Amino acid sequence: MNTTCSQLLDMIDQASFAMDDVLLYLDTHPCDQAALDYYHYVTNARQNAMNAYQASCGPLMADQVNSNNYWTWVSGKWPWEGGDCACGDMRNACNTQ
């Protein structure tokens, strides 16, 4: 399966939302094993999506930069700049809003 950078970002967003939601639940239900299992599931899904994004599209966070001789964090477009947008124009066809 060939997943685009925007699809990977969607996966990260969805898993992050689910993780935040279950964390709130676990704050009031710390002994709910099913909720804890779900927490582990969504954190794993989020980490897998973040790893896939980093491998295919570049780092999402500065601490993910693998650089010895050149600070690559500033190379290429960042996700909010439309890093994988085929049309190259976030104001028009590639805008998701």
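Since this is a predicted model, take the numbers as computed values, not measurements.
Residues Val42 and Ile12 do not share a hydrophobic cluster, defined by chaining ILVMFWY side chains whose heavy atoms lie under 4.5 Å apart.
Among residues two or more places apart in sequence or in another chain, the ring-ring contact (aromatic ring centres under 6.0 Å, His included) test is passed with His29 by Tyr25.
Of the inter-residue distances, the one linking Gln47 atom CD with Met19 atom CE reads 10.0 Å to the nearest 0.5 angstrom. In this structure, SG on Cys57 lies 10.0 Å from CD on Gln7, to the nearest 0.5 angstrom. Atom CZ of Arg46 is separated from atom CG of Asp13 by 9.5 Å, given to the nearest 0.5 angstrom. For the atom pair OG of Ser6 and CE of Met11, the computed distance is 11.5 Å after rounding to the nearest 0.5 Å. In this structure, Leu36 CG and Tyr41 OH are separated by 15.5 Å, a value rounded to the nearest 0.5 Å. Here the CD-CG distance, from Gln54 to Leu8, works out to 12.0 Å after rounding to the nearest 0.5 Å.
Taking the side chain as every heavy atom from C-beta outward, His40 and Asn44 never approach each other to under 4.5 Å.
Side-chain atoms of Asp10 and Gln14 include no donor-acceptor pair closer than 3.5 Å.
Contact record, Tyr39 with Leu26: CB-CD1, 3.9 Å, taken as the closest heavy-atom pair. Residues Tyr38 and Ala18 share a closest heavy-atom pair of OH-CB, 3.5 Å.
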Practice task
Apply side chain to side chain donor-acceptor pair (under 3.5 Å) to Asp37 and Gln33, showing your working.
Solution key: CA-CA 6 Å; Asp37 291 344; Gln33 187 61 49; 2.8 Å; yes
